[in-house]
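Each chain gets a letter, A, B and so on, in the order its sequence line appears, and its residues count up from 1. Just so you know, these numbers use all the heavy atoms, side chains as well, and skip hydrogens, waters and symmetry mates.
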Amino acid sequence: MKKGIKGFIALLILFSTLFIPAEPVLAEDGSALQRVQDAGVLVVGTSADFPPFEFYAVVDGERQVVGMDMMIAQKVADDLGVELQIQDIGFDSLLPALEARNVDVVIAGMTPTAERRRSVDFSDIYFQTFQNIMIRAEDEDVYDSLESLSGLTVGVQSGSLQEDLAQQIPDAEIMSLTDLNDLLLALKTNRIEAIVMQGPNAEAHAGHDEDLHTFVGGFELDDDDQGSAIAFRQGEDSLVDAVNESLAEIEEQNLTEEYLAEAGEYMAQAELDEDGEEIEEGFIASYWEYFLDGTLITLLISASAVFFGLILGSLLALMRLSKVFLLKPLATAYVEFVRGTPLLIQVMFIYFASGMFFNLPALTAGIIAVSLNSGAYIAEIIRSGINSVNKGQDEAARSLGMSKNDSMRYIVFPQALKNIWPALGNEFITIIKESSIVSVIGVGELIFQTRVVRSISFQGILPLFITMLIYFALTFSLTKLLNFYEGRMNHD
Amino acid sequence: MIKVNHLKKSFGKNEVLKDINEEFSQGEVVVVIGPSGSGKSTFLRCLNLLEEPSDGEIVFEGTTLTGLNEKDLNQLRQKMGMVFQQFNLFPHKTAKQNLTIAPVKSKGVDKHQADQTAVKLLRQVGLGDKEDAYPASLSGGQQQRVAIARALAMDPDVMLFDEPTSALDPEMVGEVLKVMKDLAQSGMTMVVVTHEMGFAREVADRVLFMDDGYIVESGTPDMIFSNPKNERTQDFLSKVL
């Protein structure tokens, strides 16, 4: 019971962060730079699905995030005299992660729009860019300007500059998706007619896929909208100044061209065999490690969530059945609240809220969130299971002189477990699938790795299909395992 | 051995036991009879505090059970075996495990010794060959005999029976009553709530007739069955005999 209370207090603390005013940090005295140098590490947030700026490639037999932005990050870290640590997070979540102190800076080909400037500070622009339209190669002669797309459905990455630019296409219907690869797939499957994309990125994709064609969009751009810059938390001027020095050097020595050329080599390395028959074999051979890593992380998250969820769920169920003052309403409130809010928000909340106090790794935050969530569902399953055991069982145990606890542990609970086994199995399978939600905070589980593979392989559907098969293999094995134990518990 | 003083029990506004005063002595076999709803079962369940009395006290072997702390109550309950109308065997345990779980987990009896006692008791109730059977594979009569053996495994000083044959098919009643009769002859103190008038007449040292929350009449089987004094006893017996 004590543990249950502790868990609840932890939750209350989390809630209390809701009421901490989010005041901007005011001008500072060099402490931001000092902090990074004291830590000896610069944590860079990025969204590694954006070649040639940031994407995955195998370097010296090891997978890592590469690309022009990452080389700039390395240069900045070297100049600061610290180690570089890269955190791959969804583009949508980058600025929240920055503000919540999960990362020190964001380098993700990000355009310093006026809107973004309201919540974060930016470095000088380190790369001048242009904005493209991506279309199907077969439509090359049909669409050649913004006007030619008027009234049609156009895709953009949500939260991006391109989302705003797309408004310049007359009467266009806009579809916003988080993942660029999903947009490309939507384009190829005729769900949309065009995508507004950052220029070099669009060229990278079109260069690797003969079904795609891209052209410069001719958008009206503000000065701010034409380049990429590094994002900082507001008020960390000392860090901004230091980084700007590195950027100035990069511009002076014209290093970006060198970086882009190197990124091009990594992209070429990721290219696939064009021979139709060997593509699938080549695909698995090239990317199986991503799927393996993702599967292992998914299993780790699921197993932890089942384990901690069972403990938490049992405690909550006992609290709800308890007659001790306050335990029941506390547990009820917890269950109702957690069941009544989306897991997606719980995951982001725990990750970002915790970032304000201490640096909780994304994987840990994800495991905690999924465990806390499944605990609520498991609590309800266990409670119904305990209620389903005939009252006579407890009475018989008590009449033999067994204590309340012994009766629950040896007599009632094992029978409850048998009754709720199918429902628990259902919940475990749900956990395996729902754990994919933690990909939003950059945990490298299966869905996340699928996104990575899609971005580096320029393949839209095959990775999805493989991932679907892996999930099915996982849940089907679990079902078989659960059935086996169900059979062993059945003494009727 | 058990002394009951001014026992009252209400469920909400419904007063089931109104004022019960009774005493059970060592080695005595007492059968409680009476019409449905007269409070017999509630009375029995109050004796080991499965039902919390609303008022009055239960004294068992010199200790007042009412108001006793949880731990001491558990200790004393080990000395009071109970057999239920619905058997209440543990379905996830074999017959033998049903007999050993409480001694091993709650009384601290050595596992090996508990096993030996269990086998001996199962043989005593005629189920020596069923030690590894799960309850679901046993007939009602067999289940109830295992339940009796389970209560005996705690080596109790008194056995409480709550309508032990009411849920049985008629052809199985005999085997259970036989076990109970043997137990009575071995000198066990027993309080039995039952509708089996034959058993009461044959085995009981004393018969209590309950009606409307009171013990209306108490006496030897001969006195109660052949010469009931109270009108309500007469009325009840005229219906069931």
Side-chain angles (χ1 to χ4, degrees), chain A residues 1-2 310 314 317-319 321-325 327-328 381-425 482-492, chain B residues 44-45 47-51 69-95 97-109 132-138 143 146-147 150-156 158-162 167:
Chain A
M1 293 286 170
K2 263 188 182 163
L310 268 178
S314 306
L318 292 176
M319 282 169 75
L321 295 168
S322 156
K323 292 190 178 86
V324 180
F325 177 69
L327 285 186
K328 186 175 171 175
I381 296 173
I382 290 179
R383 189 174 68 106
S384 75
I386 289 173
N387 284 337
S388 76
V389 175
N390 191 315
K391 218 175 98 216
Q393 291 292 312
D394 181 57
E395 285 183 351
R398 303 304 305 280
S399 79
L400 290 165
M402 295 179 85
S403 66
K404 248 185 212 168
N405 287 347
D406 282 351
S407 167
M408 179 56 76
R409 181 170 160 196
Y410 299 113
I411 306 302
V412 176
F413 199 78
Q415 295 182 55
L417 194 62
K418 186 197 148 194
N419 291 348
I420 61 180
W421 199 250
L424 269 184
L482 290 168
N483 286 349
F484 173 73
Y485 282 106
E486 185 173 8
R488 292 204 3 177
M489 277 193 293
N490 196 353
H491 303 304
D492 294 341
Chain B
L44 194 75
R45 289 160 60 84
L47 293 180
N48 68 352
L49 258 62
L50 272 188
E51 297 293 355
N69 70 55
E70 186 74 32
K71 206 175 155 215
D72 292 339
L73 180 60
N74 289 337
Q75 293 281 323
L76 285 168
R77 274 189 181 140
Q78 297 179 358
K79 298 257 146 224
M80 310 171 92
M82 188 160 192
V83 175
F84 299 85
Q85 181 177 350
Q86 299 296 341
F87 330 137
N88 294 348
L89 287 183
F90 307 134
H92 60 305
K93 303 276 179 197
T94 63
Q97 287 166 343
N98 262 277
L99 268 65
T100 57
I101 177 122
V104 171
K105 298 298 180 190
S106 298
K107 208 179 171 188
V109 176
D132 291 323
Y134 282 95
S137 67
L138 299 175
Q143 288 194 49
V146 173
R150 176 177 69 180
L152 291 173
M154 293 299 281
D155 192 22
V158 59
M159 287 283 282
L160 312 173
F161 292 84
D162 186 5

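- Contact of B:Arg150 with chain A is made through backbone and side chain together, with heavy-atom distances under 4.5 Å.
- Residue B:Gln86: no heavy atom, backbone or side chain, is found under 4.5 Å from chain A.
- Both the backbone and the side chain of B:Phe90 come within less than 4.5 Å of a heavy atom of chain A.
- Identified by a heavy-atom distance below 4.5 Å to chain B, the contributing residues of residues 410-418 of chain A are A:Tyr410, A:Ile411, A:Pro414, A:Gln415, in residue-number order.
- The interface of residues 392-399 of chain A with chain B, defined by heavy-atom distances below 4.5 Å, comprises A:Gly392, A:Gln393, A:Glu395, A:Ala396, A:Ala397, A:Arg398, A:Ser399.
- Of all the heavy atoms in B:Ser106 and A:Gly401, the pair that sits closest is CB-O, 4.1 Å.
- Proximity to chain A is limited to the backbone of B:Leu89, based on heavy atoms less than 4.5 angstrom apart.
- Here the shortest heavy-atom pairing between B:Ala102 and A:Met402 reads CB-CG, 3.9 Å.
- Of the inter-residue distances, the one linking A:Leu400 atom CG with B:Lys105 atom NZ reads 14.5 Å to the nearest 0.5 angstrom.
- A search for side-chain hydrogen bond (donor to acceptor under 3.5 Å, both in side chains) contacts involving A:Asn387 returns nothing, not counting sequence neighbours.
- Shown here are the side-chain hydrogen bond (donor to acceptor under 3.5 Å, both in side chains) partners of A:Ser403, two or more places apart in sequence or in another chain: there are none.
- Contacts with chain A were tallied for B:Gln78, B:His92, B:Met82, B:Met80; B:His92 has the most, counting heavy-atom pairs under 4.5 Å.
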